[in-house]
Amino acid sequence: MNLIIMGAPGSGKGTTATVIREKFGLDHISTGDLFRYNIKENTPLGIEAKSYIDKGALVPDDVTIRMVEDRLKNLKSDKGFILDGFPRTIAQAEALDKILEALGSKIDAVMYVVTDDEVIIDRVTTRRVCEKCGASFNIKYMPSKVEGVCDVCGGKTIQRSDDNPETVQSRLDTYRKNTAPLIDFYAARGLIVEGNNNVSSDTCIKEIEDGLAKLGL
Ligand code: AMP
């Protein structure tokens with residue numbers, strides 16, 4: 001089963017993706033995580049990506065598409081994948097179609113996490129992520145057991161450099177302009193499964209699980 005998860009930055013995509021990935025044994029491919037790994041390792045890709053990420057802008061399509069293509073050709077699970085944070089432009093979605101066609105594969109559903117802007121800004125500015133394994137916490141709503149220490153791997157939890165109110169606003173603007181049109185792109189194929197994440201991730205996940213089941217997944 002091959003899925004995409006979409007939603008505004010900070011909408012709660014990562015949390016939903018983790019639950020769905022575990023339920024179905026899927027490979028989780030997060031472009032944001034891949035960029036952050038490359039930044040941490042100081043690779044040429046990381047150095048290029050950082051200048052865009054720090055501004056809340058998108059990394060250019062050609063760089064991003066190449067990175068995802070490479071990852072899709074080397075999947076770790078034979079059960080399928082969740083793409084998280086990709087595609088973010090129509091050009092990326094069209095490139096994805098071609099890559100999957102060449103691999104004899106396709107997208108089965110697009111999970112759309114719906115969250116209001118006020119909720120996003122509040123949640124993102126209080127979010128903390130593990131430096132080591134990427135697990136996500138929130139100092140207000142979902143704190144780690146020991147402050148600053150990841151519950152999953154014991155790594156250090158930090159605030160992402162792009163999780164400040166100014167950058168979040170430009171990430172939301174970028175999302176509206178470039179990424180929101182993808183909802184119509186996939187709705188036209190009947191692939192959208194929606195979950196509302198304004199109240200809790202549990203209700204969002206339940207709605208998405210029900211939607212996937214209705215598609216026979
Ligand atoms: P995320 O962790 O998904 O919020 O991504 C963090 C940042 O990485 C974004 O604000 C972009 O700068 C960059 N990024 C992640 N995915 C993509 C993508 N598909 N296309 C372009 N830039 C991306």
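As the structure is a computational prediction, the values presented were derived from the model and not from experiment. In each ligand, atom 1 is the first atom listed, and ligand 1 is the first ligand listed.
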Item checked: Protein heavy-atom partner closest to atom 15 (C) of ligand 1 - residue, atom, separation in Å -> Arg88 NH1, 3.2 Å
Check: Hey, which atoms in ligand 1 end up nearer than 4.0 Å to a heavy atom of Gln92?
Finding: 18 (C), 19 (N), 20 (N), 21 (C)
Next item on the list: Check whether more than 12 heavy atoms from other residues, nucleotides or ligands sit under 6.0 Å from atom OH of Tyr37, and answer yes or no.
Entry: no
Item checked: Worked check of side-chain hydrogen bond (donor to acceptor under 3.5 Å, both in side chains) between Thr15 and Thr18 -> CA-CA 5 Å; Thr15 309; Thr18 302; over 6 Å; no
Notebook entry, point to check: What do you reckon, does Pro9 have a nitrogen or oxygen under 3.5 Å from a nitrogen or oxygen of ligand 1?
Noted result: no
Check: Tell me: protein heavy atom nearest atom 19 (N) of ligand 1, and distance?
Finding: Gly85 O, 2.9 Å
Notebook entry, point to check: What residue and atom, counting heavy atoms only, is the protein's closest point to atom 4 (O) of ligand 1, and at what distance?
Noted result: Arg160 NH2, 3.2 Å
Note to self: Suppose I only count heavy atoms of Thr31 and a 4.0 Å limit; which atoms of ligand 1 are within that range?
What the structure shows: 15 (C), 16 (N), 17 (C), 19 (N)
Check: Are Arg88 and Asp61 within salt-bridge range, i.e. N to O under 4.0 Å?
Finding: no
Notebook entry, point to check: With a cut-off of 4.0 Å, which atoms of ligand 1 are near a heavy atom of Ala57?
Noted result: 11 (C), 12 (O)
Checklist line | Protein heavy-atom partner closest to atom 7 (C) of ligand 1 - residue, atom, separation in Å | finding: Ile53 CG1, 3.9 Å
Note to self: Any heavy atom of Arg36 closer to ligand 1 than 4.0 angstrom?
What the structure shows: yes
Next item on the list: Report the part of Lys13 in contact with ligand 1, treating N, CA, C, O as backbone and CB onward as side chain, heavy atoms under 4.0 Å; options are side chain, backbone, both, neither.
Entry: neither
Margin query: Tell me whether the NZ or CZ atom of Lys50 lies within the 45° cone about the ring axis of Tyr52 and under 6.0 Å from its centre.
Written below: no
Note to self: Set out, in order, the CA-CA distance, both residues' side-chain angles and the distance that settles side chain to side chain contact (heavy atoms under 4.5 Å, CB included) for Asp84 and Thr31, then state yes or no.
What the structure shows: CA-CA 7 Å; Asp84 177 352; Thr31 42; over 6 Å; no
Notebook entry, point to check: Identify the closest protein heavy atom to atom 23 (C) of ligand 1: which residue and atom is it, and at what distance?
Noted result: Phe35 CE1, 3.6 Å
Note to self: Is there a side-chain contact between Val193 and Leu217 in this structure, where contact means two heavy atoms from C-beta onward sitting under 4.5 Å apart?
What the structure shows: no
Next item on the list: Start with the C-alpha distance between Asp163 and Arg123, add both sets of side-chain angles, then the distance that settles salt bridge (Lys or Arg N to Asp or Glu O under 4.0 Å), and finish with yes or no.
Entry: CA-CA 10 Å; Asp163 275 354; Arg123 281 195 200 146; over 6 Å; no
Notebook entry, point to check: Should Arg189 and Asp97 count as an ion pair when the cut-off is N to O under 4.0 Å?
Noted result: yes
Check: Any Lys/Arg nitrogen of Asp70 or Arg66 sitting under 4.0 Å from an Asp/Glu carboxylate oxygen of the other?
Finding: no
Note to self: I need the atoms of ligand 1 closer than 4.0 Å to a non-hydrogen atom of Thr64, numbered in the order shown.
What the structure shows: 18 (C), 19 (N), 20 (N), 21 (C)
Checklist line | Sub-3.5 Å N/O-N/O distance, Val59 and ligand 1 | finding: yes
